[in-house]
Amino acid sequence: MKYSYKIVARDRLARHARMETVHGVIETPVFMNVGTVGAIKGAVSTDDLREIGTQVELSNTYHLHVRTGDQLIHDFGGLHRFMNWDRPILTDSGGFQVFSLAGLRKIKEEGVTFASHIDGHRIFMGPEESMQIQSNLASTIAMAFDECAPALADREYVINSVARTTRWLERCRTEMARLNSLDSTINREQLLFGINQGAIFDDIRIDHAKRIAEMDMDGYAVGGLAVGESHEQMYHVLEETVPYLPSDRPTYLMGVGTPANILEAVDRGVDFFDCVYPTRNGRHGNVYTNRGKLNLFNKKYELDPEPIEEGCGCPACRSYSRAYIRHLLKAGEMLGMRLCVLHNLYFYNTMMSEIRDAIDKGNYAAYKAHKLAGMEGEKQ
RNA sequence: GCCUACAUAGCUCAGUCGGUAGAGCAUGCGGCUGUUAACCGCAGUGUCAUAGGUUCGAGUCCUAUUGUGGGCG
């Protein structure tokens with residue numbers, strides 16, 4: 001048994017499920033905390049992650065390949081041992097870097113050639129290389145190597161891109177099966193999720209969803225969203241596409257998003273999320289609360305004795321005022337960023353727990369409406 | 001006391017051949033969606049030390065004064 005995925009409760013399209021993996025249980029809907037290079041930016045340790053209720057840590061294939069090298073991590077015993085994290089890890093495949101490093105790469109059928117963003121040296125990554133790197137990292141869940149195309153790409157480009165991503169998925173699957181059969185492989189039960197693409201073209205999305213649904217992947221992601229389209233377009237794509245992905249498998253909306261995005265996507269059947277917002281925004285002094293997002297750099301907090309959010313149990317709110325955290329941020333002290341990141345991740349993890357409870361109780365719609373209304377007025 | 005350099009935004013400083021001033025930092029605000037991001041963007045602020053002079057026109061040239069630094073006594 002590589003894993004099991006059992007739906008515990010449903011509320012319309014929203015579902016609470018329990019996924020058992022070789023690295024333990026994941027209760028979904030879940031927010032995976034993004035630690036691209038095997039670390040949550042902002043001086044957050046894996047001890048911290050345990051304290052704030054993190055279920056899954058997410059790292060990146062391209063970035064760990066560039067620094068410090070997946071072979072080294074394999075030789076150390078895998079990413080779990082390397083970063084002292086024994087719970088599930090999901091590794092992204094490098095497909096997003098095809099988008100985010102668009103100026104530094106060339107796409108061909110075989111794969112993508114990057115100019116390293118560190119020193120410019122050539123790095124070739126195709127489906128096989130991405131699987132080999134992720135196998136070396138020995139993550140719980142590997143992601144298929146895809147092309148994350150810009151949301152506003154034209155139709156012809158998207159058709160060609162998605163066709164190639166489909167061919168790449170076949171190659172990923174073959175290579176992963178080979179790697180999982182090798183004695184030298186650390187995690188021979190590594191899971192592989194396929195990724196749906198198609199920009200904002202409903203028919204391309206649906207055709208692709210049907211196509212990859214036949215490939216019996218361990219889970220299915222919707223990629224290529226939150227990359228330039230509107231929220232309405234994103235929700236529309238989910239409504240059109242998710243029904244064509246196998247409902248007995250995990251569904252993962254990649255890279256999304258704001259608390260409101262997550263609340264809406266859960267209502268459309270999504271189980272897994274990840275986003276840099278809580279970490280990046282935290283480092284930039286933006287913190288999430290049930291009454292919206294605050295910018296702690298703002299002058300209005302300079303004498304504010306309140307915690308970021310009254311009643312919050314995170315390490316920042318338990319001990320420090322907005323005024324002190326603002327001071328730390330203004331002074332460039334790492335502690336300021338760290339406290340904001342811890343708060344934000346705690347906020348996200350706690351919201352996911354509330355979401356699961358609401359689904360269990362069958363009042364998800366009411367919970368969502370209440371949560372959204374509270375955050376109204378401040379931008380998400 | 002003499003010689004010399006300097007004085008321009010909150011701070012540190014640019015400022016061409018004379019044509020009424022700019023950068024960095026700081027400040028205020030905004031942005032960030034599978035992290036090239038402790039990042040990026042926008043905005044505000046000036047008796048150009050003071051007083052005269054030359055000139056159509058002076059931050060810029062001349063004189064004096066004040067202040068500050070350095071050197072010599």
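Proteins get letters first, then strands, A, B, ... in listed order; numbering begins at 1 in each.
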*Asks:* Write down the distance between CG (A:Asp271) and C1' (B:G34), rounded to a whole number of angstrom.
*Replies:* 16 Å

*Asks:* Are A:Arg326 and B:U27 close enough that a side-chain N or O sits under 4.0 Å from OP1 or OP2?
*Replies:* no

*Asks:* B:U27 phosphate, OP1 or OP2: any side-chain N/O from A:Lys330 under 4.0 angstrom?
*Replies:* yes

*Asks:* Does any nucleotide pair with B:C48 by Watson-Crick or G-U wobble geometry, both distances under 3.5 Å, and what is it?
*Replies:* none

*Asks:* Please name the nucleotide paired to B:G1 by Watson-Crick or G-U wobble geometry with both distances under 3.5 Å, or report none.
*Replies:* B:C72

*Asks:* When the P atoms of B:G10 and B:G52 are considered, how many whole Å apart are they?
*Replies:* 24 Å

*Asks:* Checking A:Arg18 against A:Tyr5: charged group under 6.0 Å from the ring centre and within 45 degrees of the axis?
*Replies:* no

*Asks:* Can a side chain N or O of A:Thr258 be found less than 4.0 Å away from OP1 or OP2 on B:U33?
*Replies:* no

*Asks:* What's A:Gly285 touching, base or sugar-phosphate or nothing? Going by heavy atoms closer than 4.0 Å.
*Replies:* nothing

*Asks:* Measure from CD1 on A:Ile262 to C1' on B:U33 and round the result to the nearest Å.
*Replies:* 10 Å

*Asks:* Considering only NZ, NE, NH1 and NH2 on the basic side and carboxylate oxygens on the acidic side, decide whether A:Glu109 and A:Arg167 come within less than 4.0 Å.
*Replies:* yes

*Asks:* Pick base, sugar-phosphate or nothing for A:Ile195, based on heavy-atom distances below 4.0 Å to the nucleic acid.
*Replies:* base

*Asks:* Does A:Asp202 pair with A:Arg205 as a salt bridge, N-O distance under 4.0 Å?
*Replies:* no

*Asks:* Quickly work out the A:Lys299 NZ to B:G30 P distance and round it to whole Å.
*Replies:* 14 Å

*Asks:* Who does B:G10 pair with, Watson-Crick or G-U, both distances under 3.5 Å?
*Replies:* B:C25

*Asks:* Searching all strands shown, indicate the nucleotide that pairs with B:C61 (Watson-Crick or G-U wobble; both distances under 3.5 Å).
*Replies:* B:G53

*Asks:* Whole-Å distance between B:G31 C1' and A:Asn286 CG?
*Replies:* 9 Å

*Asks:* What integer number of Å spans the P atoms of B:C32 and B:G41?
*Replies:* 15 Å

*Asks:* Can you check the distance between B:G59 and B:A49, where both ends of the measurement are the P atom (answer in whole Å)?
*Replies:* 10 Å

*Asks:* Could you tell me how far B:G44 sits from B:U27 if I compare only their C1' atoms? Round to whole Å.
*Replies:* 9 Å

*Asks:* Please tell me if A:Gln97 has a side-chain N or O lying less than 4.0 Å from either OP1 or OP2 of B:U35.
*Replies:* yes

*Asks:* Charged N to carboxylate O below 4.0 Å: is that the case for A:Glu264 and A:Arg268?
*Replies:* yes

*Asks:* Please assess A:Phe76 against A:Phe82 for the test ring-ring contact (aromatic ring centres under 6.0 Å, His included), listing each intermediate value before the final yes or no.
*Replies:* CA-CA 7 Å; A:Phe76 191 89; A:Phe82 197 46; 5.1 Å; yes

*Asks:* From CG of A:Asn196 over to P of B:G34, roughly how many Å is that when rounded to an integer?
*Replies:* 18 Å

*Asks:* Across the strands shown, which category fits A:Asp274 at heavy-atom distances under 4.0 angstrom: base, sugar-phosphate, nothing?
*Replies:* sugar-phosphate

*Asks:* Tell me the interatomic distance from A:Arg283, atom CZ, to B:U36, atom P, rounded to whole angstroms.
*Replies:* 11 Å

*Asks:* Relative to the 5' end of RNA chain B, which residue comes earlier, A:Ala144 or A:Gly332, by the nucleotide with the nearest heavy atom?
*Replies:* A:Ala144

*Asks:* Between B:A26 and B:C11, how many Å separate the two C1' atoms, rounded to a whole number?
*Replies:* 7 Å

*Asks:* Can you check whether A:Arg280 has a side-chain N or O nearer than 4.0 Å to OP1 or OP2 of B:U33?
*Replies:* yes

*Asks:* NZ of A:Lys300 versus C1' of B:U27: gap in Å, rounded?
*Replies:* 17 Å

*Asks:* Classify the side chain of A:Asn60 versus the base of B:G34 as yes if they form a donor-acceptor pair under 3.5 Å and no if they do not.
*Replies:* no

*Asks:* Assign each of A:Phe297 and A:Thr36 to its nearest nucleotide of RNA chain B by heavy atoms, then name whichever residue's nucleotide is nearer the 5' end.
*Replies:* A:Phe297

*Asks:* Salt-bridge test for A:Glu51 and A:Arg318: reply yes if a basic N is under 4.0 Å from a carboxylate O, no otherwise.
*Replies:* yes

*Asks:* I'd like to know if A:Asp183 and A:Arg188 make a salt bridge, using a cut-off of under 4.0 Å between side-chain N and carboxylate O.
*Replies:* yes

*Asks:* Can you check the distance between B:U65 and B:C3, where both ends of the measurement are the P atom (answer in whole Å)?
*Replies:* 11 Å

*Asks:* For A:His284 and B:C39, do the ring centres fall under 5.5 Å apart while the planes stay under 30° apart?
*Replies:* yes

*Asks:* Quick check for you: among B:A37, B:U36, B:G34, whose closest atom lies nearest to any side-chain atom of A:His63?
*Replies:* B:U36

*Asks:* What integer number of Å spans the P atoms of B:U8 and B:G71?
*Replies:* 22 Å

*Asks:* Once you apply a heavy-atom cut-off of 4.0 Å, does A:Gln197 come out as touching a base, just sugar-phosphate, or nothing?
*Replies:* base

*Asks:* Could you state the CG-P distance from A:Asn281 to B:A37, rounded to the nearest angstrom?
*Replies:* 15 Å

*Asks:* Please determine whether a side-chain nitrogen or oxygen atom of A:Asn298 lies at a distance below 4.0 Å from atom OP1 or OP2 of B:G28.
*Replies:* no

*Asks:* How is A:Leu329 classified with respect to the nucleic acid when contacts are heavy atoms under 4.0 Å: base, sugar-phosphate, or nothing?
*Replies:* nothing

*Asks:* Hey, does A:Phe99 reach any base, or is it just sugar-phosphate, or nothing, if we go heavy atoms under 4.0 Å?
*Replies:* nothing

*Asks:* Should the pair A:Asp216-A:Arg249 be classified as a salt bridge under the 4.0 Å nitrogen-to-oxygen rule?
*Replies:* yes

*Asks:* With hydrogens left out and only the distance checked, is there a donor-acceptor pair under 3.5 Å joining A:His231's side chain and the base of B:U33?
*Replies:* yes

*Asks:* When the C1' atoms of B:G15 and B:U60 are compared, how many Å lie between them, rounded to an integer?
*Replies:* 9 Å

*Asks:* Would you classify A:Met334 as touching base, sugar-phosphate or nothing, given that sugar-phosphate means primed atoms plus P, OP1 and OP2, and contacts are heavy atoms under 4.0 Å?
*Replies:* base

